[in-house]
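A short worksheet on the structure shown next.
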Amino acid sequence: MKNKSLISINDYTKEDYIKILNLAEEFEKNPTQDILKGKVIATLFFEPSTRTRLSFESAINRLGGRVIGFTDATSSSVSKGETLNDTIKTVANYCDLIVMRHPLEGSAKYASEVSSVPVINAGDGANQHPTQTLLDLYSIRKTQKTLDNLNLFLVGDLKYGRTVHSLLMAMSHFNTTFNFISPVELKMPNEYKIYLDNLGLKYYEHTDFTDIISRADVVYMTRVQRERFSDPMEYEKTKNTYILNNSMLVNTKPNMKILHPLPRVNEINVNVDENEKAYYFTQALNGVYTRQAILASILGLK
Ligand code: CP
């Protein structure tokens, strides 16, 4: 992991995941330290973000590092026509590591190829969101006490949702049974189903989950990704397909937990927030410890 970019969740092995999760546990016990003193991290967000950017920046600040960057490409020279190549080569001169979110699939990989410092992919289009996945694994292990043999429900926009794509790949190491619940227009892309087929893992596709939610260990809700639709009518048709409410949780397993990468739009009723099975705000908090572990591992800091 040291000095290596993190672009896809498959850049890390199962053993790497466990190392990160164990280190994140240590940071949870002691999140304020000085190990990033003297380090400068650039956060380049070409797309909006609340949790990813701010939990990275919180993680860096709590470890004594400094942050530079932009939250909106229009405030950078990209608005004057500067290329991603030139932006990354320039920013790499100013920092020890770059965290980047960009709307184009493959942009993070490209950035890592032209950068002289490691790059962390904070989301590239509908492709991957590996640091979200590591915090999701942390949240699943913390609540279920294991990552093995779980029944995982992925619900919502499985076509454009990058978090479910990365999570599927990571959980494929743990003998997971996958249930994909989506409108037909937003099904899990074939490439991910072939990926599971090749590993001999089971998955089931559904358009409704009211009758089967009692089997779930983890229900991972996702927002319909409006920004990825070329046809606004398609978004309008699918946006309110699933709205999780308390009555749907009555016969669920005692230790079942509801995760959501957030932001939420309408897919979880706010009344569910008070339910003991709702875990999504703590999941977002876990992002700080997990990202501290990722930064420390890449920068080779003890
Ligand atoms: N989960 C996530 O990526 O949230 P943000 O878009 O707010 O960063």
Side-chain angles (χ1 to χ4, degrees), residues 6-9 20-21 24 41-61 67 69-74 97-105 107-108 111 119-140 142-143 152 154-171 186 218-229 235 239 242 244 257-268 270 272-273 278-295:
L6 173 56
I7 305 304
S8 160
I9 196 65
I20 294 282
L21 304 195
I41 314 291
T43 57
L44 308 185
F45 278 70
F46 296 81
E47 261 195 346
S49 167
T50 296
R51 278 143 293 274
T52 309
R53 184 176 68 79
L54 293 178
S55 65
F56 259 116
E57 295 190 359
S58 174
I60 295 160
N61 280 297
V67 180
F70 52 78
T71 58
D72 177 356
T74 59
L97 185 148
I98 294 172
V99 178
M100 186 182 90
R101 171 171 289 185
H102 196 282
L104 285 183
E105 295 178 26
S107 53
V119 173
I120 297 179
N121 181 7
D124 62 329
N127 185 33
Q128 284 267 320
H129 195 346
T131 66
Q132 176 71 44
T133 295
L134 288 161
L135 80 88
D136 293 341
L137 294 184
Y138 186 78
S139 301
I140 293 170
K142 194 168 176 188
T143 57
L152 175 62
L154 301 176
V155 184
D157 185 348
L158 308 186
K159 180 176 178 184
Y160 297 118
R162 57 194 171 202
T163 63
V164 291
H165 300 157
S166 300
L167 185 59
L168 173 152
M169 287 175 154
M171 287 300 286
L186 300 176
V218 173
V219 173
Y220 192 96
M221 299 295 296
T222 63
R223 162 182 80 90
V224 177
Q225 309 272 304
R226 183 180 56 190
E227 63 275 29
R228 312 265 177 245
F229 283 71
Y235 172 71
K239 68 177 184 183
Y242 307 112
L244 193 68
K257 288 286 178 278
I258 304 155
L259 271 62
H260 191 315
L262 302 176
R264 157 179 57 187
V265 181
N266 210 19
E267 55 281 354
I268 302 178
V270 290
V272 175
D273 296 358
Y279 192 73
Y280 27 93
F281 290 114
T282 309
Q283 178 188 0
L285 169 64
N286 292 339
V288 175
Y289 315 129
T290 311
R291 289 178 170 124
Q292 286 182 322
I294 295 165
L295 291 166

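First listed ligand is number 1; within each ligand, the first listed atom is number 1. The first residue in the sequence is number 1, and the count goes up from there.
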Original post:
Which pair of heavy atoms, one from R101 and one from P48, lies closest together, and at what distance?
Top reply: NH1-O, 2.9 Å

**OP:** Could you tell me whether the side chains of E57 and T43 share a donor-acceptor contact shorter than 3.5 Å?
**Re:** yes

Original post:
Have D124 and Q128 got a donor and an acceptor in their side chains that come within less than 3.5 Å?
Top reply: no

**OP:** Apply the side chain to side chain contact (heavy atoms under 4.5 Å, CB included) test between T290 and each candidate in L135, T133, D136, L295; give the one that qualifies.
**Re:** L135

Original post:
Where on T163 is there a heavy atom closer than 4.0 Å to ligand 1, on the side chain, on the backbone, on both, or on neither?
Top reply: neither

Original post:
Are side-chain N/O atoms of D157 and Y235 paired as donor and acceptor at under 3.5 Å?
Top reply: no

**OP:** Provide, to 0.1 Å, the distance between atom 1 (N) of ligand 1 and the closest protein heavy atom, together with that atom's residue and name.
**Re:** P261 O, 2.8 Å

**OP:** Quick one: list whatever passes salt bridge (charged side-chain N to carboxylate O under 4.0 Å, His left out) with K239, sequence neighbours left out.
**Re:** E236

Original post:
At a 4.0 Å threshold, what atoms of ligand 1 neighbour a non-hydrogen atom of Q132?
Top reply: 1 (N), 2 (C)

Subject >> Heavy atom of E47, distance to ligand 1 below 4.0 Å >> reply: no

Original post:
So is P263 polar-close to ligand 1, meaning N/O to N/O under 3.5 Å?
Top reply: no

**OP:** With heavy atoms of T50 as the reference, note each atom of ligand 1 found under 4.0 Å away.
**Re:** 5 (P), 7 (O), 8 (O)

Original post:
Counting heavy atoms only, which of S49, G287, A122 comes nearest to atom 8 (O) of ligand 1?
Top reply: S49

Original post:
What protein heavy atom is closest to atom 6 (O) of ligand 1, reported as residue, atom name and distance in Å?
Top reply: R101 NH1, 2.9 Å

**OP:** List in chain and number order the residues that pass ring pair (Phe, Tyr, Trp, His ring centres under 6.0 Å) with F70, two or more places apart in sequence or in another chain; answer none if no residue qualifies.
**Re:** F46

**OP:** Flag L262 as yes when one of its N or O atoms lies below 3.5 Å from any N or O atom of ligand 1, and as no otherwise.
**Re:** yes

